[in-house]
Amino acid sequence: MSNNLAKSSLIFSSMTFVSRILGFVRDVVAAFIFGASPGYDAFVLSFRIPNLMRRLFAEGAFSQAFVPVLSEYQTNKSPEEVKVFVNHITGNLALILAIVTTLGVICAPLCIYLFAPGFDASGPRHVLATDMLRITFPYIFFISLTALGGSLLNTHGKFAVPAFTPVFLNISMIAASCLLAPYMARPEMALAWGVLLAGVVQLAFQIPFLLKLGILPRPQINWRDPAVRRVLYLMPPAIFGAAISQVTLLVDSLFASFLVSGSISWLYYADRLMEFPLGIIGVGLSTVILPSLSKQHASGSKQEFARTLDWSVRCVLLIGIPAMLGLFLLAGPLVATLFQSGKFTHHDVIMTQQSLMAYALAVLGIMLAKIFSSAFYATQDIKTPVKISMGILGFNIILNATLIHNFAHVGLALATSITSLINAGLLYRKWRQLHAFKFQAGWNVFLLRVTLAASGLVAFLWVLSPSIEVWLEWSRMQRVMSLVPLVVGGAFIYAGALLAAGVRPRQFAMRAA
C-alpha cells in the first residue's frame with residue numbers, strides 16, 4: 001500500500017512540479033511587463049477573490065467533504081449507486097456555482113471594497129480591480145467543476161491528470177501577457193481574460209479522461225439523495241477550515257491596501273515562491289493520502305490508517321525542512337534571479353525578499369496542517385479542524401494589526417508564519433486527544449538524522465551565498481549561473497548527509513507496509 005502511495009505521490013508531485021515551473025515563468029513574465037505596479041495590485045486582488053471561492057467550492061471544502069463520502073460508497077455500495085450519487089452531487093454543485101458566480105459578478109464593486117478598503121472607491125485601482133473581478137469571477141464555475149472531475153480521477157488512482165491540469169492556467173496567463181496585453185488600453189486586463197480562458201480549457205482537458213474511465217458525470221439536481229445530504233452537511237464547517245490560508249491572504253491584502261503602493265504585489269510574489277514547495281509536497285501528499293485514509297477508515301483498518309499518517313508526516317519533515325531553510329537563506333537570490341528586470345526594480349527585490357524570508361517559516365506549518373486536516377476529513381470529522389482554523393484566523397488578524405505598525409508588509413507575512421505553526425501544533429494535539437493516535441517507532445532517531453542533514457545544508461548556503469548587494473549588481477545570466485550550483489549543491493549536501501546518517505529511500509517506501 002505504501003509503495004502505491006509513494007508512487008502516486010511522486011507522480012502527483014512531478015506533474016505539479018511542471019505546473020509550478022510554468023507558474024514561475026508566468027510570474028517572471030508578469031514582473032517584467034507589469035512590475036509591482038498599482039495595476040498589478042488590482043489584478044492580484046481580483047484574482048485572489050475567485051481563488052478563495054475556488055478553495056471553498058473546489059479543492060477545499062467540497063473535496064474534503066466529497067472524497068470521504070465517495071470513498072465510503074466505493075467501498076460499501078454498488079457501482080450503480082456510486083454513479084447516481086456522483087450525478088446528483090454534480091448537478092447540485094453546478095447550480096450552487098451558477099448562483100454564486102452571478103452574485104459575484106453583480107456585487108464586484110462591493111467585494112473589492114470589502115477586501116481592499118484602502119483602495120479609493122473612485123480611484124483607478126478600485127475601478128480596475130472591479131472590472132477585472134467581473135471577468136475573473138466566472139473562473140470559479142469552471143475550475144470548481146474541474147476540481148470535481150479531479151476528485152473522481154484521484155479516487156480511481158489517476159493522479160497525473162488533475163496534477164497537470166493547472167499547467168493550462170499558467171500557459172493561458174503567459175499568452176495573455178505577451179500576446180494580448182500590448183493591444184489593450186489597460187494591459188493588466190489581459191491577465192483577467194487569461195484567467196477566464198484557463199477555466200474553460202482546464203475543464204475541457206479532463207473530460208476525455210473521465211469518459212475513458214466511464215465516470216463522466218451526468219448532472220442531475222436532487223437534494224434528497226442521502227449521500228448528497230451528507231456532503232452538504234459536511235461542507236459548511238469545511239468551508240471555514242479549507243479557506244483559512246486563502247482568507248489569510250485576503251486579510252493580508254486588506255491590511256496591505258493601506259500601505260504604500262506595491263505592498264500587495266511584494267506579498268504576492270513572495271507567496272508564489274512559498275507556494276512552490278507547498279504545492280509539490282504539501283498539496284501533493286494531502287491529495288494522495290485522503291482517498292487512502294478515507295478507505296482505511298471506512299473499512300476499519302486503524303493500524304493502516306496510523307501507518308499512512310505516520311508515513312506522511314515523515315515525508316513532510318524530510319522534504320519540508322530543507323525547503324523552508326532554502327527559501328529563507330536564498331530569498332534574495334531567488335527573487336533577484338526570477339523577477340528583477342523590466343519594471344521590477346531593485347527596491348522591489350528587497351521588499352519581496354523580506355516578505356519571502358518571513359513567509360518561509362510558514363512552509364512547515366502549512367504542510368503539517370494539511371496532513372493532519374486530511375486525517376480529520378478522512379474520518380468525516382470536519383468540525384474539529386474548523387474550530388481550530390477559526391480561532392487561528394482571529395489570532396492572525398490580531399497579529400496583523402499588531403505587527404503592521406513596526407514591520408509594514410513584512411509583519412503581515414510574519415503573522416502568517418506564526419499562526420500556521422500554531423495551527424499545525426493544535427491540530428496534532430487535538431488529533432492525539434480525540435483519536436488516541438501515536439506515531440510509529442523510530443522518531444527520535446529520524447529527527448536527529450534530519451537535524452544533522454539540515455545543519456549541513458544551512459552551513460553550505462550560509463558560507464557560499466553572496467550578499468544581496470552582489471546579486472543585484474550581476475546580470476540575470478550571472479545570477480542563474482550562481483543560483484543553480486547553490487540549489488543543486490544544497491540538495492546534494494542534504495541528501496548525502498541523510499544517507500551518511502542512515503536514511504534510505506526504502507525506509508519510506510516500506511513505512512506503511
Side-chain angles (χ1 to χ4, degrees), residues 30 34 36-57 60-61 96-141 143-144 184-196 199 239-240 242-269 271 355 390 393-394 396-405 408-409 411-413 415-416:
F34 308 109
S37 62
Y40 199 70
D41 280 356
F43 167 72
V44 169
L45 185 64
S46 70
F47 185 46
R48 274 187 176 166
I49 293 174
N51 210 36
L52 167 64
M53 304 303 293
R54 173 178 67 87
R55 295 291 175 91
L56 295 182
F57 288 100
I96 294 172
L97 290 170
I99 294 172
V100 170
T101 299
T102 302
L103 291 175
V105 172
I106 294 173
C107 301
L110 178 61
C111 291
I112 296 299
Y113 178 77
L114 290 175
F115 289 109
F119 285 8
D120 185 354
S122 58
R125 284 197 298 177
H126 185 278
V127 173
L128 183 58
T130 299
D131 292 342
M132 287 181 174
L133 184 58
R134 288 196 168 113
I135 298 172
T136 59
F137 213 99
Y139 173 73
I140 70 167
F141 178 86
I143 198 59
S144 297
M184 302 194 72
R186 294 181 295 183
E188 293 85 359
M189 289 291 291
L191 294 170
W193 286 110
V195 169
L196 179 58
I239 285 176
F240 294 99
I244 183 65
S245 61
Q246 291 299 304
V247 170
T248 299
L249 289 175
L250 283 173
V251 170
D252 289 351
S253 296
L254 185 153
F255 279 95
S257 68
F258 291 99
L259 299 175
V260 298
S261 177
S263 296
I264 294 178
S265 297
W266 298 329
L267 289 170
Y268 171 79
Y269 286 118
D271 176 67
S355 302
M390 291 179 66
L393 177 60
N396 179 261
I397 293 173
I398 294 173
L399 277 181
N400 277 343
T402 303
L403 297 177
I404 193 174
H405 292 292
H409 67 288
L412 303 180
T416 298

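Just so you know, residue 1 is the first one in the sequence shown, and it goes up from there.
- Screening T101, I143, L97, V195 for a side chain to side chain contact (heavy atoms under 4.5 Å, CB included) with P138, the sole residue that qualifies is T101.
- Closest approach of A256 to L267, counting heavy atoms only: CB-CD1, 4.0 Å.
- Taking CD1 of I397 as the reference point, atom CG of L254 lies at 8.5 Å (rounded to 0.5 Å).
- With rounding to the nearest 0.5 angstrom, the OG atom of S46 is 12.5 Å from the OH atom of Y139.
- One finds the CD1 atom of I140 at 11.0 Å from the CD1 atom of I49 (value rounded to the nearest 0.5 Å).
- Atom CH2 of W193 sits about 4.5 Å away from atom CD1 of I135, to the nearest 0.5 Å.
- Between W266 and H409, the ring planes are tilted. Angles from 30° to 60° get that label.
- Ring geometry, F47 versus F43: the interplanar angle falls under 30°, so the pair is classed parallel (tilted spans 30 to 60°).
- Summarising the geometry, atom CG belonging to D41 is positioned 7.5 Å from atom OG belonging to S263; distances are rounded to the nearest 0.5 Å.
- Looking at L403 and L412, their side chains never come closer than 4.5 Å, going by heavy atoms from C-beta outward.
- Under the side-chain contact (heavy atoms from CB on, under 4.5 Å) criterion, T402 pairs with I398, not counting sequence neighbours.
- Nearest approach of N400 to G411, heavy atoms of both residues: OD1-O, 4.4 Å.
- Taking all atoms of both residues into account, the shortest heavy-atom contact from L128 to G39 is CD2-CA, 3.7 Å.
- Residues T136 and L191 form no side-chain contact, since every pair of their non-hydrogen atoms from C-beta on lies 4.5 Å or further apart.
- Contacts of F141 classified as ring pair (Phe, Tyr, Trp, His ring centres under 6.0 Å), with partners at least two apart in sequence or in another chain: none.
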